[in-house]
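Working notes, structure below.
Remember, it's 1-based here, ligands and their atoms both numbered in the order they're listed.
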Amino acid sequence: MTEHTDDTDDTIEGHERELSAVREEHDDADDDVSLSLPGLSVDRRDFMKAGAAVGAATASAGCLDALSGGGSADQETASGGAKNHKVAPGELDDYYAFLSGGHSGEIRVMGVPSMRELLRIPVFTPEPASGYGYDDRTSEMLEEEGGGYSWGDTHHPRVSQTDNDYDGRWAFVNDKANGRMARIDLEYFETDAIVDIPNQQGTHGACCLLPDTKYVFGVGEFRVPMQNDGRDLDDPEAYTSTIAAINPETMNVEWEVEVDGNMDNGDGGKDGRWFFTTGYNSEHATTESGMTKADRDWVKAFDVPAIEAAVENGDYEEINGVPVVDGTRESSLNQSDRPIVRYVPTPKSPHGVSVTPDGDYAIASGKLDPTCTVIDVEKLAEADDPADAIVGRPRVGMGPLHTAYDGRGHAYTTLFIDSQVAKWDIEAAVEAEAGSEDPIVEKIDVHYNPGHLIASESYTADPEGDYLISLNKLSKDRFLNVGPLKPENDQLIYIGDDEEGMQLVKDKPSYAEPHDASIVSADKIEPADVYDPSDYDAEFVAEGDESIERIDDSTVHVKTYVKRNEYAFPEIRVQEGDEVRITASNVEETSDITHGMAIPEYDVDLALAPQDTREVTFTADEPGVYWVYCSYFCSALHLEMRSRLIVEPSE
Ligand code: CUK
Ligand code: CUA
């Protein structure tokens, strides 16, 4: 038996060594996924982009030859025909996609083109697998800054940009349910700030003012009384909605603008001046039939420098701590020749709005009208009548909701009712008669009823133009039946070959419910591999720093390190009624060795990635023995990684 035990130890130690070695090897490995071409190594993404550009220039074989150094199998790949869009086991994706999770309250991270779900980032909802909402810092964030709600409704994840390109710092996402905005740190892929936006209910649109993310805008959808404290209950004319300009560094709401009508989605222009929202309910009604009466609503174009000047001049009312500027049509600030908000009449309850990569146009999707409205951004600044800035109105199909771009002059619009994506030519739409179908290049069926769609880097000035994801609300018969609550269907479409046309590549079932996404080139994001303890306020507990200290009659502070396969103390002894504060640091430096610290019946659930420190505070109000255990499978002795919380009865 003795021998056997020794053997076991050897095996386990060997396993640990092996594990560390594998990790380190991987850490050092060159993650570059490159296609090997004769005589030339080209990054896959550059290659596809080159292929796409070639496609736009009607596939000159000479160009391709120059790129590949002669005929090869990969040449076909570049022309799209034989490209299989597979990411083999062990290969890495070209893109991160950040998808919202709707009323799951989270963000999902997916690799593109594999469509593998890589991570879920809890935002507005506690999530036990990552310990989010269970340690002091994240539970305080949800409780205090976050307002204490147990859920949120994320729709629009937008990644920060510098000079109209992704800078890999943050992602932002709205909470449509409770009027909040959250920030996700893209070094650690975790939510690090939440702001509860005053004077707003139903923060729907979320997006950055470009080129440099000066503000993150929260677009308020639901009209409510500005002071929603019981006044004006039955006077819908007195209800209002606002956009909120949030400082991305401090997450402070700097100012808001109050408008007529509901707002819906938003997008920022590329030059720091304009911010656009769609909207419905110019009728100021409270019922569906009332909200759909008028055949025009508005795209609202906010002139940001003009608004900042108004705030500077004191032309606002401070409401609930925020300067609120009056941007309604009757406002005196809208009577001058530099109005702060331009109301562009648009048919009929327009839903999505997005600015073209060159910044020339804002395109709104008609929803209840089969057209898109193309607004010329430069004309908007000059025209006396904002309606004169409308330069195109292609008839794209039934139920147009959202529009994305490939950077080659095409727009792609989801058709909710037709269950299709329409690809159309933007300049052709400007030249064509209003209502013409001529600008349509092609349509592809999707399955079924798409909401958003998103193309690779579509929100930047320089989209990659290869992949498009259609976020379909219904999947019906596309997957094994799992009962009445079906998954949705995120479909990957290859758009890199204008000759071959759009190609449906993949179906990916997804749980309710992604609305929007941002697709970012993998090389623009640099996630940390382990935590840097100096990034946190919490004190790092190194080996040798552990202590159990009685602070006073009723408070005990436990400082423990955590590593394979032990907690610093085999037992933690406290008195019934003590408030126990645990500070726990994972001292491991090996990538991907996460430990848990769970205490049954005390609702304690810490997840500790390498070099992370978390704190939790609870009251030991039930005497007894409680096994502290590790909830992450960390090693062969994971099950034995244990400690006891012993709560002695007070009498
Ligand atoms: S919304 Cu959901 S499909 Cu919130 Cu951008 Cu259009
Ligand atoms: Cu540590 Cu399992």
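- Taking every heavy atom of H515 and a limit of under 4.0 angstrom, the matching atoms of ligand 1 come to 1 (S), 2 (Cu), 3 (S), 4 (Cu).
- Atom 2 (Cu) of ligand 2 lies at the vertex of an angle of 120° between the SG atom of C630 and the SG atom of C634 (rounded to 10°).
- Salt-bridge check for D516 with R158: passed, with a basic side-chain N closer than 4.0 Å to an acidic carboxylate O.
- Counting the atoms of ligand 1 from 1 in the order shown, those under 4.0 Å from a heavy atom of G451 are 3 (S).
- Annotation for Y188: atom OH counts as buried by contact number, over 12 foreign heavy atoms lying within 6.0 Å.
- Interface atoms of ligand 1 facing H402, defined by a heavy-atom separation under 4.0 Å, are 1 (S), 3 (S), 5 (Cu), 6 (Cu).
- A salt bridge does not link K176 to D153: none of the charged nitrogens lies less than 4.0 Å from a carboxylate oxygen.
- The neighbour count for E288 CD, taken as heavy atoms of other residues, nucleotides or ligands under 6.0 Å away, does not exceed 12.
- Salt bridge annotation for E588-K563: absent, with no cationic side-chain nitrogen under 4.0 angstrom from a carboxylate oxygen.
- A salt bridge links E190 with R614: the closest approach of a Lys/Arg side-chain nitrogen to an acidic carboxylate oxygen falls below 4.0 angstrom.
- No donor-acceptor pair under 3.5 Å is formed between the side chain of N472 and the backbone N or O of N449.
- Among the atoms of H155, no N, O or S atom is found under 2.8 Å from atom 2 (Cu) of ligand 1.
- Residue H204: an N/O/S atom is found under 2.8 Å from atom 4 (Cu) of ligand 1.
- In H638, the N, O or S atom that comes nearest to atom 2 (Cu) of ligand 2 is ND1.
- Neither the backbone nor the side chain of K176 comes within 4.0 Å of ligand 1, counting heavy atoms alone.
- The closest approach between any non-hydrogen atom of N265 and ligand 1 is below 4.0 Å.
- Distance check for M641 against atom 2 (Cu) of ligand 2: none of its N/O/S atoms falls below 2.8 Å.
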